[in-house]
Amino acid sequence: MPGRPHRRRRLPPLQQGLNVGGDWYSAIELPDGSALLVVGDVAGHGLDAVATMAQLRFTAKGMAVTGTPLATILARLNTLLWHSADRAYSTATMIMGRYEPSSGILTWVQAGHLPPLLLRDGEARYLPSPRGVLLGATTAPRYDSSAIRLLPGDHLLFFTDGLVEAPGVLLDDGLDHLARTVAELGDGPRPLDAVLEALVDPATRRDDICVLHVSV
């Protein structure tokens, strides 16, 4: 399948050694009273990754505020990223949900992102992902949505891959470790603090981490 050429790229001198990344989150109330929940991760590090992150973050929020459906937002962000000539090498993953407090329904979409982790009645499980390729990977992506009713006592984690990836550790093993840790510690008084303390070693961490914790 034809696609864009892959290019190897060096950072400009001003960015050498600059380790800022492109992870971000948003959690805002929309005009209809629902909540927009977003976690995203732009590939790479440096000022270009930060600039791309800001572009995606604020464009997504703006479209959501105007009532654009979530799957449409992802499709338009993909077009935006693909046609940004100055950042043609960039790709990004993203997960985005809209929670309606009156019904308890969370509708969510994803673009090549790891699935959210649900803790319910002491059991942690990953939600089945709707279809969605990472942003900037193709000119004709398809993004589907999924929905779940959240119940009182539920906890939900949106996170970037830095939380589960480590040198020499398979991704599936990292995901299993996260699920076990959340099942053990995720229902305490400060569950996110406990989970991060158990999983994240600042001395060995190599990637950015962004986690959004939703509790009902």
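The SG atom of Cys210 sits 9.5 Å away from the CH2 atom of Trp24 when rounded to the nearest 0.5 Å. Once rounded to the nearest 0.5 Å, the distance linking CD1 of Ile209 with CG of Asp161 reads 9.5 Å. Atom CD of residue Glu29 and atom CG of residue Leu36 lie 11.5 Å apart, to the nearest 0.5 angstrom. Distance CG/Leu74 to CG/Leu134: 11.5 Å, rounded to 0.5 Å. To the nearest 0.5 angstrom, Met94 atom CE is 13.5 Å from Thr160 atom OG1.
Legend: salt bridge (charged side-chain N to carboxylate O under 4.0 Å, His left out) pairs involving residues 127-143, not counting sequence neighbours, sorted by first then second residue: Arg142-Asp144. Listed by first then second residue, pairs satisfying salt bridge (charged side-chain N to carboxylate O under 4.0 Å, His left out) with a partner in residues 168-191 read Arg190-Asp193, not counting sequence neighbours.
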**Residues Asp23, Met53; criterion side chain to side chain contact (heavy atoms under 4.5 Å, CB included); working and verdict** = CA-CA 7 Å; Asp23 291 26; Met53 174 271 288; over 6 Å; no
**Message:** Before you tell me yes or no, could you show the steps for Val164 and Leu171 under side chain to side chain contact (heavy atoms under 4.5 Å, CB included), namely the whole-Å CA-CA distance, both residues' side-chain angles and the distance that decides it to 0.1 Å?
**Reply:** CA-CA 7 Å; Val164 294; Leu171 178 59; 3.7 Å; yes
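With sequence neighbours excluded, the residues satisfying side-chain contact (heavy atoms from CB on, under 4.5 Å) with Ala124 are Leu117, Leu119, Ala179, Val182, Ala183. Take Ser26 and apply the side chain to side chain donor-acceptor pair (under 3.5 Å) test, not counting sequence neighbours, and it matches Arg57. Partners of Thr79 by side-chain contact (heavy atoms from CB on, under 4.5 Å), not counting sequence neighbours, listed by chain and number: His83. Judged as a side chain to side chain donor-acceptor pair (under 3.5 Å), and not counting sequence neighbours, the contacts of Thr68 are Thr66. Taking the side-chain contact (heavy atoms from CB on, under 4.5 Å) definition, one finds that Leu151 meets it with Arg120, Arg149, Asp154, sequence neighbours left out. Leu199 is linked by a side-chain contact (heavy atoms from CB on, under 4.5 Å) to Leu163, His177, Leu178, Thr181, Val195, counting only residues two or more places apart in sequence or in another chain. When the side chain to side chain donor-acceptor pair (under 3.5 Å) test is applied to Asp32, the partners found at least two apart in sequence or on another chain are Ser34, Arg98.
Between Leu185 and Ala198, the closest heavy-atom pair is CD1-CB, 3.8 Å. Taking both residues in full, the closest heavy atoms of Leu81 and Ala92 are given as CD2-N, 4.1 Å, listed atom of the first, atom of the second, then distance. Minimum heavy-atom separation, Thr91 to Gly136: CG2-O, 3.9 Å. Across all their heavy atoms, Gly186 and Pro191 have their closest contact at O-CB, 3.1 Å.
Thr59 places a side-chain heavy atom less than 4.5 Å from the side chain of Leu80. For the pair Met63 and Arg76, the minimum side-chain heavy-atom distance is below 4.5 Å. For the pair Ser145 and Leu70, the minimum side-chain heavy-atom distance is 4.5 Å or more. Considering only heavy atoms from C-beta on, Pro31 comes within 4.5 Å of Val65 through its side chain. Using a 4.5 Å heavy-atom cutoff, the side chains of His155 and His213 are in contact. Side-chain contact between Ser129 and Pro115: present, with at least one pair of heavy atoms (C-beta onward) separated by less than 4.5 Å. Leu157 has its side chain out of reach of Pro116: every pair of non-hydrogen atoms, C-beta onward, lies at least 4.5 Å apart.
Residue Leu175 is grouped with residue Val200 when hydrophobic side chains (ILVMFWY) are merged at heavy-atom distances under 4.5 angstrom, including chains of intermediate members.
The other residues sharing a hydrophobic cluster with Tyr25 are Leu37, Val39, Ile95, Tyr99, Leu106, Trp108, Leu118, Leu127, Ile148, Leu150, Leu156, Phe158, Leu212, Val214, Val216, where clustering joins ILVMFWY side chains under 4.5 Å apart.
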